*Asks:* 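Mind having a look at this structure? Questions to follow.
Sequence lines set the chain letters: A, B, ... in the order given, protein chains first and strands last, and positions in each chain run from 1. Remember, predicted model here, so these are calculated numbers, not experimental data.
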Amino acid sequence: MIKITLPDNSVREYNEAISGYEIAKNISHGLAKEVLSITVNDEVWDLQRPITYDAKIKLHKWDDEEGKHAFWHSSAHLMAEAMEALYPGIKLGIGPSIENGFYYDVDLGEERVITDADFPKIEAKMKELAQQKNEYKRREVAKQEALDFYNKKGNEYKVELITELEDGTITLYEQGNFTDLCRGPHLPSTEKIKAIKILSVAGAYWRGDEKRKQLTRVYGITFPKQKMLEEYLVLIEEAKKRDHRKIGKELELFTFSQKVGQGLPLWLPKGAELRERLENFLKKIQKRYGYQQVISPHIGLKELWVTSGHYEKYGKDSFQPISTPTEGEEFLLKPMNCPHHCEIYKYKPHSYKDLPVRYAEFGTVYRYEQSGELHGLTRVRGFTQDDAHIFCRPDQLKDEFKKVMDIVFIIFNALDFKNFTAQVSLRDPEDKTKYIGSDENWEKSESAILEAVDEKDLKYNIEYGEAAFYGPKLDFMVKDALGRQWQLGTIQVDYNLPERFELEYVGADNKKHRPVMIHRAPFGSMERFVAVLIEHTAGKFPLWLTPDQVVVLPISEKHNDYAEKVLNFLNNCDIRTLIDDRNEKIGKKIRDNELKRIPYLLIVGQKEVDSETVSVRVQGDGDKGSMKLKEFADLINKEVKAQTEAYKIN
RNA sequence: GCCGAUGUAGCUCAGUUGGUCAGAGCAGCUGAUUUGUAAUCAGCAGGUCGGGGGUUCGAAUCCCUCCAUCGGCUCCA
C-alpha cells in the first residue's frame, strides 16, 4: 500500500507503484492534460516515474516554476536533438532552463558558426521532432557506462561533468534518437511543445571560466500554445520600445560621447532637472529621518583605500592612481564614499548619546567596469550614489534598519513601484571563515535584519553565502510595469570599516566602543534608478516629477500673445510650462508634443482668447474640453499635491 | 577583458559581383500659408560613409588595426 499525500493534506492510497501522471488522471482528465511535472518529497520528478513509497506530492502546471522548468528543460533537449541532426559532430555542453526559456551550449568545432539566419532552420527541425511525440525516457546508469558512452562520442565536456558525479546518481534521458546526460525532470513527451522560437546566439565560456574554451550558446523559448508565444513576443517588443537608452535619447535626458569616454553619462538639461527633483525629494525625506548632508571630494589619497582594504581587493581592476607633479603622491578617484564618511565621523569624538549619526551625500564615484559590461545608464563607469552611512550602537541596528526600510517604501510608493520584494543575504553557514567580524556580531546583525523585515511585513527570500565579506545585507527588487525584475536599493551592515578606521564612541561606562556602520542607498544610484524609472513608466513620469508639465499651443500666430499670458500665469503658479509658438498647424503641434510625453497640452485660439479659458488635452487621453485658466492651474496644483502630500515630498 | 554582430547627415535608415553611390524621411533654416485637437506646401543647407593604415587606375563597398555601440559570457566594493 502506497500513501500519497496531496498539498491539501488529503491522502490517496494505491496498491502498487504509481506515476504522477496516473495520479493526475485519477484526480481529473483536465488536470492530467495540463500537468507537467511533480514534486515528490521535495524533489521534482518526471510525471511518468513510478512512485514506490509513501510520499507527499504536488503536481505542477505551466503556472508553477517547476512546470515551466520541466517544459523548457525538455525543450533544451529537443533543440539539442535538432542541432545534432543539423550539425553532425557537434559536442554538447550544458543546456538548462532559465527565467525565460532555455539555452544550450554547444561546441560547433572549427569553422562552423550559427547566426540569426540559421534560426528558422533549427525551429523547423525542432517542430518536426516535437510532432513525432517522442517520449522522454529516464535511465539510471553506472558511472562507467556513462563515461564510455561519451568517450566514444568524443565529448570531453560531458566526460568532465560525469567525472565529478557520484556513481549511482547518474541518469540519462533519451527522446527519439537523442541521449543526454541529465538529472531531469522532463515532460512525458515532446508532444506538448507546440510553439518554438530561437531567440539569440552568443558566446559563453565552458563552465563560466574565461580561461577555458568558448562555446556557442543558443537561446530559445517554447510554449504549449502558439498564442502564448505571440504574447511573449509582443512583450519583448514593448520592452524594446521602453528601452531607457531609446527614450533617454528621444526625451533628451542624457547622452554619451566617445570623446568623453565610454560609460560616462552626460546628463542633458531635461535629465538633470529630473534627477535634481529626485534628489531633492530624497533629501527632504532624509532630513525628516535625521540625516545630515555632507560633501566630500571626488578623490582621496591612495592611503585611504589601503586603510579601507579596497585597494588590496580592487586596486588592480580600478582606475589607476593619479600622480601629482610632486613625486610619491598618489590619489585615487573614489569608487565609494564610505572612507570619506568615516573620516568625517572622526572629526570629533562621539558620545553614545549622539548616536546614531547619519551622513548623507549624493556622492559621485568611479569604477572601472569591463568595457563589455557597460549598458546605458544601468551599468556605467561614473555614477552618483544616493549614499548615506549610519554610525550606530549595536543595540540600535534593528531600529535603524527599519527606518531605512521606511524610506525605501516611501520612494517605491511615490514612484508607483507597487510590486517589490527583498533579498536577505546572509553568511554561508558552511564556511564562516571568509567573513570579517565576530560570530557574535554577525549573529546579532543577521537576526536584526530578519526581525526587521518580519516586523515590516516585507516579502523576502534568504540567500545564504551572498553576504558581503564585511556584513549581511538587504537588497530590494522591484517589478516594473512589464513584470521585469530590477535590483534597486540596498542596505548593508559593515563591521569592517569601523574596525579599519578605528571608529569609536564613548559609552555610558566611559569606555571606548566600536560603532556599527550601515551603508544604504534607496535608489541604488541616480543613473540606475532613472533608467528603471524610464522603463517602468515608458517615459511618462508622474506629474510632480516630469521635467515639463504643461505646453501651450496657440492655434495661430494671432494667439501667441494670449499664449504668452497663459505661460506666464502658469509659471507664476509654479507649474512648469512651455510654449510651442512655431508656425505649424495645430495638429502638428499636438502630435509633436504628445510624442514628447508632456502630460497636459493647452490649445488656445480665438475662442479661448475671448473667454479667458484654455482648451485642455491630456497626453494619451485626448480632448478634455475647456476651462478657466485659474481653474486649470488649481487642477494641476491639486494633482501634484495629491501625489506629493502622502509622502510630504514638497 | 572574451565571442559574435554593427557603425553612412542631429535622428531613423537606403546604398557591396569595387566604377554619376554620397541618397531618403524626420529634425534645422528661409519663404508661402494663419491654421481648432496626432504630420500644410515649396526651397535651402547639412556627411573627410566611426578613426588610422593598406590593396586597386578607382574603396562607403575588399584587407589590417584601433575606437565605440549592440547581444551574450565573465565581473559588479
Side-chain angles (χ1 to χ4, degrees), chain A residues 98 103 105 108 113-117 199-219 240 243 245-246 249-250 252 255-263 305 308-315 317-318 334-339 365-376 378-381 383 385 387 468-471 473 487 490 492 494 496-497 519 524-525 528 553-560 582-596 601-608 615-626:
Chain A
I98 52 177
Y103 66 79
D105 285 346
L108 295 166
V113 290
I114 289 182
T115 67
D116 301 12
L199 295 169
S200 63
V201 60
Y205 302 110
W206 170 237
R207 315 203 84 177
D209 183 345
E210 61 183 310
K211 291 186 188 66
R212 307 198 62 179
K213 187 159 182 179
Q214 187 144 24
L215 307 180
T216 302
R217 179 168 293 181
V218 182
Y219 288 86
K240 270 192 204 153
D243 191 317
R245 293 167 297 186
K246 182 171 174 286
K249 200 181 265 181
E250 285 169 6
E252 298 184 0
T255 188
F256 291 90
S257 147
Q258 268 197 46
K259 267 218 166 102
V260 171
Q262 61 179 164
W305 312 100
S308 74
H310 291 101
Y311 187 77
E312 195 196 354
K313 207 165 158 59
Y314 297 103
D317 306 314
S318 300
K334 67 177 176 188
M336 54 190 0
N337 306 296
C338 343
V365 297
Y366 300 89
R367 297 180 183 176
Y368 182 81
E369 305 289 356
Q370 297 186 83
S371 63
E373 192 41 58
L374 301 170
H375 180 95
T378 58
R379 198 73 191 277
V380 287
R381 285 180 168 170
F383 58 97
Q385 296 178 308
D387 212 355
F469 73 93
Y470 50 74
K473 61 178 181 174
Q487 197 212 307
T490 179
Q492 311 186 0
D494 189 343
N496 179 44
L497 290 181
H519 310 253
S525 80
R528 195 176 163 76
L553 313 178
I555 296 273
S556 84
E557 281 173 2
K558 283 184 285 196
H559 315 112
N560 281 359
R582 292 176 305 163
N583 179 7
E584 294 289 352
K585 289 172 86 166
I586 194 65
K588 168 79 163 167
K589 293 191 196 182
I590 288 170
R591 179 182 159 78
D592 288 350
N593 287 289
E594 286 265 352
L595 290 174
K596 284 200 218 157
L601 285 67
L602 299 184
I603 288 100
V604 294
Q606 199 52 48
K607 261 194 314 202
E608 287 75 19
S615 175
V616 180
R617 194 184 157 96
V618 176
Q619 202 272 346
D621 202 26
D623 191 359
K624 296 287 157 203
S626 62

*Asks:* Go ahead and name the base partner of rC41(B); Watson-Crick or wobble counts if both distances stay under 3.5 Å, otherwise write none.
*Replies:* rG31(B)

*Asks:* Which nucleotide in the set rG72(B), rC75(B), rU35(B) lies at the smallest distance from any side-chain heavy atom of E369(A)?
*Replies:* rC75(B)

*Asks:* Not counting sequence neighbours, which residues clear salt bridge (charged side-chain N to carboxylate O under 4.0 Å, His left out) with D243(A)? List them please.
*Replies:* R245(A)

*Asks:* Counting only distance, no hydrogens or angles, is the base of rC75(B) paired donor-acceptor with the side chain of R379(A) under 3.5 Å?
*Replies:* yes

*Asks:* Can you name the ring pair (Phe, Tyr, Trp, His ring centres under 6.0 Å) partners of Y368(A), sequence neighbours left out?
*Replies:* F319(A)

*Asks:* What contact category does S615(A) fall into here, base, sugar-phosphate, or nothing, at under 4.0 angstrom with non-hydrogen atoms?
*Replies:* base

*Asks:* Taking side-chain contact (heavy atoms from CB on, under 4.5 Å) as the test, write out the residues that go with A468(A), two or more places apart.
*Replies:* Y470(A)

*Asks:* Given the C1' atoms of rU56(B) and rC62(B), what is the spacing between them in whole Å?
*Replies:* 10 Å

*Asks:* Using only side-chain N and O atoms of S200(A), determine if any of them is under 4.0 Å from OP1 or OP2 of rG71(B).
*Replies:* no

*Asks:* Consider the side chain of I590(A), meaning its heavy atoms from C-beta on, and name the nucleotide among rU37(B), rG72(B), rC76(B) that approaches it most closely.
*Replies:* rU37(B)

*Asks:* If you measure from the P atom in rG23(B) to the same atom in rC41(B), how many Å do you get, rounded?
*Replies:* 23 Å

*Asks:* Restricting both atoms to N or O, compile the protein contacts to nucleotides 4-14 of chain B shorter than 3.5 Å, with distance only.
*Replies:*
| residue | atom | partner | partner atom | Å |
| --- | --- | --- | --- | --- |
| rU12(B) | OP1 | K249(A) | NZ | 3.3 |

*Asks:* Side chain of Q492(A) only, please: which of rA77(B), rA38(B), rU37(B) is the nearest?
*Replies:* rA77(B)

*Asks:* Given atom NZ of K589(A) and atom P of rU37(B), what is their separation to the nearest angstrom?
*Replies:* 14 Å

*Asks:* Quick one: is rU69(B) close enough that its OP1 or OP2 comes under 4.0 Å of any side-chain N or O from Q262(A)?
*Replies:* yes

*Asks:* Which one is paired to rG46(B), where only Watson-Crick or G-U wobble pairs with both distances under 3.5 angstrom count?
*Replies:* none

*Asks:* Suppose we call a contact any N or O donor and acceptor under 3.5 Å apart; does that hold for the side chain of E594(A) and the base of rA38(B)?
*Replies:* yes

*Asks:* Pairing check on rU6(B): which nucleotide meets the Watson-Crick or G-U wobble criteria with it, both distances under 3.5 Å?
*Replies:* rA68(B)

*Asks:* Counting heavy atoms from C-beta on, name the nucleotide in rG71(B), rA77(B), rG36(B) closest to the side chain of S318(A).
*Replies:* rA77(B)

*Asks:* Between N or O atoms, less than 3.5 Å apart, protein on one side and nucleotides 28-32 of chain B on the other: list the pairs.
*Replies:*
none

*Asks:* Go through the structure and list residues passing side chain to side chain donor-acceptor pair (under 3.5 Å) with H559(A), not counting sequence neighbours.
*Replies:* S556(A), Q606(A)

*Asks:* Distance check needed: rG71(B) C1' versus Q370(A) CD, whole Å only.
*Replies:* 16 Å

*Asks:* Does rC73(B) have a Watson-Crick or wobble mate here (both distances under 3.5 Å), and if so which one?
*Replies:* rG1(B)

*Asks:* If the cut-off is 4.0 Å, is R212(A) near the phosphate of rC2(B), judged by side-chain N/O to OP1 or OP2?
*Replies:* no

*Asks:* rA77(B), rG36(B), rG72(B): which one has an atom nearest the side-chain heavy atoms of Y219(A)?
*Replies:* rG72(B)

*Asks:* Could you point out which residue of Q619(A), K624(A), R617(A) forms a side-chain hydrogen bond (donor to acceptor under 3.5 Å, both in side chains) with D621(A)?
*Replies:* K624(A)

*Asks:* Scan every strand shown for a Watson-Crick or G-U wobble partner of rU12(B), both distances under 3.5 Å, and answer none if you come up empty.
*Replies:* rA24(B)

*Asks:* So, Y314(A) and rA77(B): ring centres less than 5.5 Å apart, planes less than 30° off, yes or no?
*Replies:* yes

*Asks:* For the pair made of NZ in K259(A) and C1' in rU69(B), what is the distance, rounded to whole Å?
*Replies:* 18 Å

*Asks:* Taking N or O atoms only and anything under 3.5 Å, show me the protein contacts with nucleotides 45-47 of chain B, one pair per line.
*Replies:*
none

*Asks:* Provide, to the nearest angstrom, the distance between the CG atom belonging to D317(A) and the C1' atom belonging to rA77(B).
*Replies:* 11 Å

*Asks:* Identify the heavy atoms of A204(A) and Q214(A) that sit nearest to each other, and give their distance.
*Replies:* N-NE2, 3.4 Å

*Asks:* Please name all residues satisfying salt bridge (charged side-chain N to carboxylate O under 4.0 Å, His left out) with E584(A), sequence neighbours left out, ordered by chain then number.
*Replies:* none

*Asks:* My understanding is that only residues two or more places apart in sequence, or in another chain, count here; which of them pass ring pair (Phe, Tyr, Trp, His ring centres under 6.0 Å) with Y311(A)?
*Replies:* none

*Asks:* Tell me the interatomic distance from Q214(A), atom CD, to rC3(B), atom P, rounded to whole angstroms.
*Replies:* 7 Å

*Asks:* List the residues meeting side-chain contact (heavy atoms from CB on, under 4.5 Å) with N593(A), not counting sequence neighbours, and say none if there are none.
*Replies:* V551(A), L553(A), D580(A), K589(A), K596(A), I598(A), L601(A)

*Asks:* Between rA27(B) and K588(A), is there an OP1 or OP2 to side-chain N/O distance shorter than 4.0 Å?
*Replies:* yes

*Asks:* Partners of R591(A) by side chain to side chain donor-acceptor pair (under 3.5 Å), sequence neighbours excluded?
*Replies:* none

*Asks:* Going by the rule side-chain contact (heavy atoms from CB on, under 4.5 Å), which residues pair with K473(A) if we only count those two or more places apart in sequence or in a different chain?
*Replies:* S425(A), D475(A), Q492(A)

*Asks:* Would you say rA39(B) has OP1 or OP2 under 4.0 Å from some side-chain N or O of K585(A)?
*Replies:* no

*Asks:* Between rG36(B) and H559(A), is there an OP1 or OP2 to side-chain N/O distance shorter than 4.0 Å?
*Replies:* no

*Asks:* Give me the distance, rounded to whole Å, that separates rC75(B) from rC11(B) when you measure between the P atoms they each carry.
*Replies:* 35 Å

*Asks:* Quick check: any donor-acceptor pair below 3.5 Å linking the side-chain of Y368(A) to the base of rG1(B)?
*Replies:* no

*Asks:* With rounding to the closest Å, how many angstrom separate the C1' atoms on rC49(B) and rU34(B)?
*Replies:* 42 Å

*Asks:* With rounding to the nearest 0.5 angstrom, report the CD to NE2 distance, E369(A) to H375(A).
*Replies:* 13.5 Å

